[in-house]
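Below: the structure, in structure tokens.
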Amino acid sequence: MKYFDEYRDGSIARALVADLQKAVTRPMRIMEVCGSHTMAIFRNGIRSILPDGLELISGPGCPVCVTSASHMDAFIAMADRPGVRVAIFGDLFRVPGSKGSLANASSRGAKVDIVYSPMDALDLARKHPDDLIVFLGVGFETTTPTIAATILAAKNQNIRNFVVFSTQKTIPAPLTALLEDPALRLNGLLCPGHVSAIIGAGAYVPFAEKYKIACVIAGFETTDLLTSLILLARQIGAGEARVENTYGRVVAWEGNMRALKMVEEIFEPCDTEWRGLGCIPGSGLKIREKYREFDAEARLDIPLTPASEPKGCMCGNILKGINTPRECPLFGTRCSPASPVGPCMVSSEGTCAAFHKYGMDE
Amino acid sequence: MCLAIPMRVTEVHGNPDDFSTSQIAVVDADGISREVRLDVVDHWPNVGDYVIVHAGFAIHSLIEEEALKNISLLKELAANMPQELLT
Ligand code: SF4
């Protein structure tokens, strides 16, 4: 399909790089909010061609990385219960809590299944009628509708041995927290592609207005990312702060109403803890009373106890854009993708993992 | 985590307004056919449209024309675009 070739065309990309050089007329700091963008920017070599003066900072948009150690401990405690089988996205398997990971739990006999979709967890429930299947919900606006739809399907199909432990989070809440912090001195936000497909480009208007920050929504191809950086640099250079959308083929201004309605039916906002950022009011989503039978926290009594972060790990500051991985003394020595210390190295979308995979020689 | 590649829809099943029916599409991704859920897709797709898929669910459907929409913006932006690309 012609579509792919154009978005990946090398000569178009080269022309865009030259445009980006011209657009960066003063020092500027831009945060790429989403972990998939962090990876795409490294993979496409964009970091190595950034003009002097343009600083790219990685944000809090890696769902595994922001899952707190106390949530990980609760996940592991649940997996250790007899009669429970937990279903997770693969990235979560090796994330450390305060005492080991789900991988450790699995090697001592806990039932841990890696699934590709929350719907697969429902298949597990059918296959293992004597186990209670607990899906560990970790993700942002893109994942939440898929979990909501799965809960609704479980209800429609009368499946009783399926529950969700929701640590679902929303992206605008931590952005507010970060933008309130003057230490960050951000000029622009490279806004997520698929989170925005759900919440809509319009969701960033309050940020552009209140914090006078340029916002551009981007896709994942080289030309998408370069185009978005050019628009951001031009806005910043001209002292403007607006919302622009270069991913119009996927992101509508008002978002995905069907998905938003589904989420609204099943979930309601709650306060939740973010690794590195602490508790952010209203930033989480919990299952409504009406769907209590699918809520792991209601069905199983799982205490959330304060837990310490892995010793020496700076993920908290990295998620806030205050430090870069190379400033962590463990980076590349005691902490590597083969033996990770913190979640930013475990997750394939984590900033430390990205720096390690692509940026060691930068 | 985000798979950005649109997949072509080859079959559509279920009723968009009735969640008790199985809302499923069969998609083709690089010659491999797969089932995806349509429960949370923004617009109900037709055969021949494309969908963006996340964790086994289509979250967005688009027609080919839309897929090409940004290309005009791209060309506009690259002021020093080589002439042969501007045709
Ligand atoms: S390099 Fe490892 S220990 Fe250091 S901040 Fe990153 S994940 Fe944590």
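Proteins get letters first, then strands, A, B, ... in listed order; numbering begins at 1 in each.
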Handout entry: Residue of the set Ile198(A), Asn256(A), Val250(A) for which side chain to side chain contact (heavy atoms under 4.5 Å, CB included) holds with Asp42(B)
Key =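 Among Ile198(A), Asn256(A), Val250(A), the one meeting side chain to side chain contact (heavy atoms under 4.5 Å, CB included) with Asp42(B) is Asn256(A).
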Handout entry: Nearest-0.5 Å distance that lies between atom CE in Met257(A) and atom NE2 in His43(B)
Key =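 One finds 10.5 Å between CE of Met257(A) and NE2 of His43(B).
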Handout entry: Tyr247(A) side, atom OH; Ile52(B) side, atom CD1 - distance, nearest 0.5 Å
Key =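 Spacing of OH (Tyr247(A)) from CD1 (Ile52(B)) equals 4.5 Å.
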Exercise for the section: Specify the closest pair of heavy atoms between His60(B) and Arg249(A), including all atoms of both residues, with the distance to one decimal. Expected result: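 Shortest heavy-atom separation between His60(B) and Arg249(A) comes out as NE2-O, 2.9 Å.
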Exercise for the section: For Phe19(B) and Asn156(A), work out which heavy atoms get closest and say how close. Expected result: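 Minimum heavy-atom contact is O-ND2, 3.4 Å.
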Practice task
Could you check if a side-chain atom of Ser117(A) sits within less than 4.5 angstrom of a side-chain atom of Phe57(B), using non-hydrogen atoms only?
Solution key: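 Side-chain contact under 4.5 Å: yes.
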Handout entry: Thr142(A) side chain near Ile59(B) side chain, heavy-atom distance below 4.5 Å
Key =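 A side-chain contact under 4.5 Å exists here.
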Exercise for the section: Please determine, by modelled atom types, if His54(B) and Thr146(A) share a side-chain donor-acceptor pair under 3.5 angstrom. Expected result: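 There is no such pair between these side chains.
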Problem - side chain to side chain contact (heavy atoms under 4.5 Å, CB included) evaluation trace for Arg258(A) with Val40(B) - result: CA-CA 6 Å; Arg258(A) 263 181 108 226; Val40(B) 295; 5.8 Å; no
Problem - More than 12 heavy atoms from other groups under 6.0 Å of CD on Glu254(A) - result: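 Atom CD in Glu254(A) is crowded, with more than 12 foreign heavy atoms closer than 6.0 Å.
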Practice task
Can you tell which part of Arg8(B) gets under 4.5 Å to a heavy atom of chain A, answering side chain, backbone, both or neither?
Solution key: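 No part of it gets close to chain A.
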